[in-house]
Amino acid sequence: MEYRKDYLSWDDYFMGIAKLSAMRSKDPNTQVGACIVTHDNRILSTGYNGTPNGIDDKEFRWGREGAPLETKYLFVCHAEMNAILNFRGNKREFENAKIYVDLFPCNECAKLIIQSGIKEVIYLSDKYADLDSYKASKMLFDSCRVKYRKLSPSANNISINL
C-alpha cells in the first residue's frame, strides 16, 4: 500500500496552527497568530494578539482611531510577543527556531524575535511594508541574519470539523 499524497507540508501545517491561534483573538479588526517551531519541526509555543493578562476584553478599547490612549495600539500584545512569553521551557530551545505568523512582524516584535534566538520568520502578509516600523524590521533582521520569507501555501483551504 502506498502512503497518502495529500498530506500537509510542514509550512502549511505550522501556518495553519498560527491561523487557528489567531481565531482566539478578540480584536474585531485584526487577528494575528504565531507558532514557534524548533529547527527539527517541534512546536514550542503559540500566541495571538490580545490584551495583557488581567484586562477584561469586554471592557477594553478596541478602536483604531482617536487619541493614542483611546485606541488599542498602545495596549495590545502582539502574537509574536505572546508566543515568546507563553513558552514555559528553556529559552535555549529558541536558538535557530522558526516563527510562523500571519502578518510580517513590526519592529518591536522583530527585536523580541532576534533577542530570543529565532532565526527564521515565515509570514503570509506584509500589508504594512511601506511603514517605517516594518522597514525597520527588515533592516533589523538583515543585520542580525534572521531569514524571512513569504509563504505561498500549497493548501488553500484547510477544513476542520469539530
Side-chain angles (χ1 to χ4, degrees), residues 10-39 43-87 91-154 156:
W10 284 118
D11 281 344
D12 289 346
Y13 174 65
F14 297 130
M15 190 60 78
I17 290 171
K19 294 288 285 178
L20 190 61
S21 297
M23 294 175 74
R24 285 281 311 141
S25 176
K26 313 297 187 309
D27 190 320
N29 298 297
T30 306
Q31 299 83 44
V32 179
C35 181
I36 301 174
V37 180
T38 63
H39 68 280
I43 296 172
L44 294 173
S45 187
T46 61
Y48 56 89
N49 61 311
T51 59
N53 294 334
I55 293 180
D56 186 343
D57 291 320
K58 294 176 196 147
E59 296 177 16
F60 185 70
R61 296 179 187 110
W62 290 104
R64 298 184 337 172
E65 296 184 21
L69 292 174
E70 296 173 1
T71 68
K72 66 180 180 176
Y73 296 111
L74 296 179
F75 303 98
V76 168
C77 298
H78 288 182
E80 302 92 330
M81 174 193 287
N82 278 328
I84 291 167
L85 293 174
N86 285 341
F87 182 64
K91 293 284 191 204
R92 286 190 201 135
E93 293 187 64
F94 281 174
E95 292 175 13
N96 299 313
K98 304 176 277 191
I99 187 167
Y100 289 81
V101 65
D102 303 56
L103 194 56
F104 192 85
C106 71
N107 65 305
E108 293 300 320
C109 288
K111 291 184 277 188
L112 291 170
I113 289 166
I114 291 163
Q115 290 297 89
S116 72
I118 294 169
K119 291 296 183 188
E120 186 173 9
V121 176
I122 301 98
Y123 63 94
L124 285 177
S125 172
D126 193 9
K127 70 179 182 178
Y128 300 116
D130 292 334
L131 298 178
D132 286 344
S133 62
Y134 292 84
K135 290 177 184 177
S137 296
K138 290 181 177 89
M139 293 169 68
L140 286 162
F141 288 150
D142 291 342
S143 293
C144 297
R145 292 184 289 284
V146 172
K147 293 186 267 182
Y148 51 92
R149 63 183 165 92
K150 182 176 174 130
L151 179 63
S152 297
S154 55
N156 291 329

Atom of [X], atom of [Y] and distance for their closest heavy-atom approach:
X: Ala34; Y: Ala83; result: CB-CB, 4.0 Å
X: Glu93; Y: Ala97; result: O-CB, 4.2 Å
X: Gly47; Y: Ser21; result: O-CB, 3.7 Å
X: Ile43; Y: Phe14; result: CG1-CE2, 3.6 Å
X: Ile122; Y: Lys98; result: CD1-CB, 3.8 Å

Heavy-atom neighbours of Asp56 CG exceed 12 at 6.0 Å: yes
Whether over 12 other heavy atoms sit under 6.0 Å from Lys147 NZ: no
Under 3.5 Å donor-acceptor, Ser116 side chain and Ile113 backbone: yes
Under 3.5 Å: donor-acceptor pair, side chain of Asp102, backbone of Gly33: yes
Taking the side chain as everything from C-beta on, heavy atoms only, tell me whether [X] gets closer than 4.5 Å to [Y].
X: Phe141; Y: Val121; answer: yes
X: Glu80; Y: Leu112; answer: no
X: Tyr123; Y: Ile99; answer: no
X: Lys138; Y: Asp126; answer: yes
X: Thr46; Y: Arg24; answer: no
X: Asn29; Y: Trp62; answer: no
X: Ile17; Y: Tyr100; answer: no
X: Ser125; Y: Phe104; answer: no

Between [atom1] of [X] and [atom2] of [Y], what distance do you get to the nearest 0.5 Å?
X: Phe94; Y: Ser45; atom1: CZ; atom2: OG; value: 5.5 Å
X: Lys119; Y: His39; atom1: NZ; atom2: NE2; value: 14.0 Å
X: His78; Y: Ser25; atom1: NE2; atom2: OG; value: 10.5 Å
X: Asp12; Y: Leu151; atom1: CG; atom2: CG; value: 6.0 Å
X: Ile118; Y: Cys144; atom1: CD1; atom2: SG; value: 13.0 Å
X: Thr71; Y: Leu69; atom1: OG1; atom2: CG; value: 8.0 Å

Stepwise side-chain contact (heavy atoms from CB on, under 4.5 Å) test for Asn107 and Met139: CA-CA 9 Å; Asn107 65 305; Met139 293 169 68; over 6 Å; no
Which residues share a side-chain contact (heavy atoms from CB on, under 4.5 Å) with Leu20, sequence neighbours left out: Met23
Salt bridge present between Asp27 and Lys72 (N-O < 4.0 angstrom): yes
Results of salt bridge (Lys or Arg N to Asp or Glu O under 4.0 Å) for Lys26 - residues two or more places apart only: Asp57
Contacts of Tyr13 that satisfy ring pair (Phe, Tyr, Trp, His ring centres under 6.0 Å) - sequence neighbours left out: none
